[in-house]
Amino acid sequence: MSLARLRVLQTARAWQLQAARWQSGLSSVSDARPETFVFLGPPGVGKGTYSTRVADYFGLQHIASGDLVRDEMRKGTEIGKEMEECVNKGNLLPDSLILRVIREHFMKAHSEGTDRFLLDGFPRTAQQAAALEQIASVKLAVNLGLREEVLVEKCLGRRLCRKCGKNYNIADIYLPASNGRPEIVMPPLNPPAECMQHMEQRGDDTEPVIRRRLEVYNKAAQPVEQFYEERGKLLNFEITGGIPQTLPRLLDLLKPSMEAQQVAGEVA
């Protein structure tokens with residue numbers, strides 16, 4: 001047995017034992033694992049943008065691992081400082097740190113009766129994917145894709161309003177069709193006038209760090225994609241335009257899977 005496979009099994013077993021302890025204390029919650037959909041994709045692809053809209057449209061509880069991580073960093077907690085050091089170097093966060101943060105939020109929502117989830121930015125490793133199976137019934141993994149040169153531009157254009165907390169993107173992207181690949185047109189998502197003076201850029205959104213982050217992500221993503229592909233749960237979706245052009249295509253593609261699971265849940 002390979003070392004990687006052994007680690008997957010060990011992590012899954014540890015989560016299985018922990019999940020059993022959680023469930024024993026949640027007498028008001030059904031024993032069935034909650035239906036869960038996950039959104040995968042590289043940094044800057046728009047997981048947060050599309051996953052929140054998909055969750056709202058289909059009535060799912062949205063859980064963004066990235067938001068949970070950033071909240072810990074803003075608070076300056078011990079785990080937040082560890083996370084910030086990893087992020088600023090362009091490295092993926094270790095499983096142990098992410099699992100510690102997500103575990104509490106995921107099970108709290110479950111204990112309150114939420115039975116359908118959409119996870120944004122989790123899992124990021126095959127070990128996490130295997131662990132997640134112990135406490136959730138993953139129905140579909142949506143893998144968002146975008147050409148790397150566009151990802152870099154998008155990451156460089158990201159802005160956050162310190163006052164209202166909303167995200168914007170000032171990148172104006174156009175790539176003509178070439179070598180059999182479609183053209184990409186992504187107009188900027190500019191902030192309103194009242195937010196202009198409050199704009200800030202993430203400290204790790206520099207080109208060297210972004211390219212390093214993409215390199216690290218691509219190496220880690222392949223086993224995750226393989227994990228779900230082997231189980232017939234992977235759906236690849238290529239983004240070629242802005243939100244108005246992309247979201248309707250994505251919703252139409254997801255409707256059969258989302259609605260089928262909803263009907264199945266109602267029947268059960």
Side-chain angles (χ1 to χ4, degrees), residues 12 15 19 22-23 29-69 95 98-99 101-146 217 220-239 243 246-268:
W15 263 63
W22 287 329
Q23 290 295 339
V29 181
S30 170
D31 290 334
R33 293 175 301 159
E35 293 178 2
T36 304
F37 300 84
V38 301
F39 266 54
L40 310 173
V45 76
K47 291 188 298 294
T49 298
Y50 291 106
S51 63
T52 52
R53 286 164 170 77
V54 168
D56 289 344
Y57 187 87
F58 292 108
L60 306 174
Q61 173 71 45
H62 179 263
I63 299 178
S65 62
D67 288 346
L68 300 182
V69 167
D95 289 0
I98 300 178
L99 294 176
V101 174
I102 290 181
R103 180 175 61 193
E104 178 182 348
H105 290 267
F106 185 86
M107 296 311 296
K108 181 177 184 295
H110 186 185
S111 70
E112 293 171 351
T114 300
D115 60 356
R116 302 182 80 220
F117 296 91
L118 191 156
L119 289 178
D120 164 16
F122 184 87
R124 290 190 175 186
T125 68
Q127 290 92 338
Q128 290 177 356
L132 180 61
E133 291 291 325
Q134 304 304 318
I135 59 173
S137 178
V138 177
K139 301 300 181 182
L140 191 68
V142 182
N143 187 32
L144 302 179
L146 185 61
Y217 172 83
Q222 186 175 358
V224 181
E225 294 168 11
Q226 183 178 355
F227 180 93
Y228 288 117
E229 188 171 22
E230 290 174 349
R231 290 158 177 77
K233 298 179 180 180
L234 185 67
L235 175 65
N236 291 309
F237 182 84
E238 186 75 13
I239 296 175
I243 297 173
T246 302
L247 185 59
R249 288 198 302 120
L250 181 57
L251 293 176
D252 286 344
L253 189 62
L254 292 177
K255 278 181 182 178
S257 296
M258 295 288 188
E259 293 175 354
Q261 295 301 329
Q262 186 173 16
V263 171
E266 292 172 354
V267 172

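The basis for the numbers below is simple: all heavy atoms, side chains too, and nothing from hydrogens, waters or symmetry mates.
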Minimum heavy-atom separation for [X] to [Y], with atom names?
{"X": "A220", "Y": "P223", "result": "O-CD, 3.1 Å"}
{"X": "G121", "Y": "S65", "result": "O-OG, 3.0 Å"}
{"X": "V224", "Y": "P123", "result": "CG1-O, 4.1 Å"}
{"X": "I239", "Y": "L146", "result": "O-CD1, 3.1 Å"}
{"X": "I98", "Y": "Q128", "result": "CD1-NE2, 3.7 Å"}

* Under the side-chain contact (heavy atoms from CB on, under 4.5 Å) rule, collect the residues that match up with L253, sequence neighbours excluded. => L235, F237
Taking atom [atom1] of [X] and atom [atom2] of [Y], what is their separation to the nearest 0.5 Å?
{"X": "K255", "Y": "L250", "atom1": "NZ", "atom2": "CG", "value": "11.0 Å"}
{"X": "Y228", "Y": "N236", "atom1": "OH", "atom2": "CG", "value": "13.5 Å"}
{"X": "L68", "Y": "I63", "atom1": "CG", "atom2": "CD1", "value": "7.5 Å"}
{"X": "L234", "Y": "E229", "atom1": "CG", "atom2": "CD", "value": "5.5 Å"}

Considering residues at least two apart in sequence or located in another chain, which fulfil the side chain to side chain donor-acceptor pair (under 3.5 Å) criterion with [X]?
{"X": "Q226", "answer": "E230"}
{"X": "E225", "answer": "N143"}
{"X": "S137", "answer": "K139"}

Distance-only criterion, 3.5 Å: show the donor-acceptor pairs between side-chain atoms of residues 38-51 and protein atoms not counting sequence neighbours.
from: K47; atom 1: NZ; to: G41; atom 2: O; distance (Å): 2.8
from: K47; atom 1: NZ; to: P42; atom 2: O; distance (Å): 3.3
from: S51; atom 1: OG; to: K47; atom 2: O; distance (Å): 2.5
from: S51; atom 1: OG; to: G48; atom 2: O; distance (Å): 3.4
from: S51; atom 1: OG; to: H62; atom 2: NE2; distance (Å): 3.0
from: S51; atom 1: OG; to: D120; atom 2: OD2; distance (Å): 3.3

* Asked: Can you name the salt bridge (charged side-chain N to carboxylate O under 4.0 Å, His left out) partners of D56, sequence neighbours left out?
  -> none
* Asked: Between I243 and R53, does a side-chain contact (heavy atoms from CB on, under 4.5 Å) hold up when you go through it step by step?
  -> CA-CA 10 Å; I243 297 173; R53 286 164 170 77; 4.0 Å; yes
* Asked: Run the side-chain contact (heavy atoms from CB on, under 4.5 Å) check on L118 and V54 step by step: do they pass?
  -> CA-CA 9 Å; L118 191 156; V54 168; 3.8 Å; yes
* Asked: With sequence neighbours left out, which residue pairs that include part of residues 58-67 fulfil the salt bridge (Lys or Arg N to Asp or Glu O under 4.0 Å) condition?
  -> D67-R70
* To do: Run the numbers on F37 and L119 for side-chain contact (heavy atoms from CB on, under 4.5 Å), then give the verdict.
  => CA-CA 6 Å; F37 300 84; L119 289 178; over 6 Å; no
* To do: May I have the step-by-step check of side-chain contact (heavy atoms from CB on, under 4.5 Å) for Y57 and M258, ending in yes or no?
  => CA-CA 10 Å; Y57 187 87; M258 295 288 188; over 6 Å; no
* Asked: Just wondering, are more than 12 heavy atoms of other shown residues or ligands nearer than 6.0 Å to CD in Q222?
  ->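 Atom CD in Q222 is not packed in, count stays at 12 or less.
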* **R231 charged N/C atom sitting above F227 aromatic ring, 6.0 Å / 45°** =>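 Judged by the rule, R231 and F227 form a cation-pi pair.
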* **Note: R249-D252 ion pair, threshold 4.0 Å (strictly below)** => no
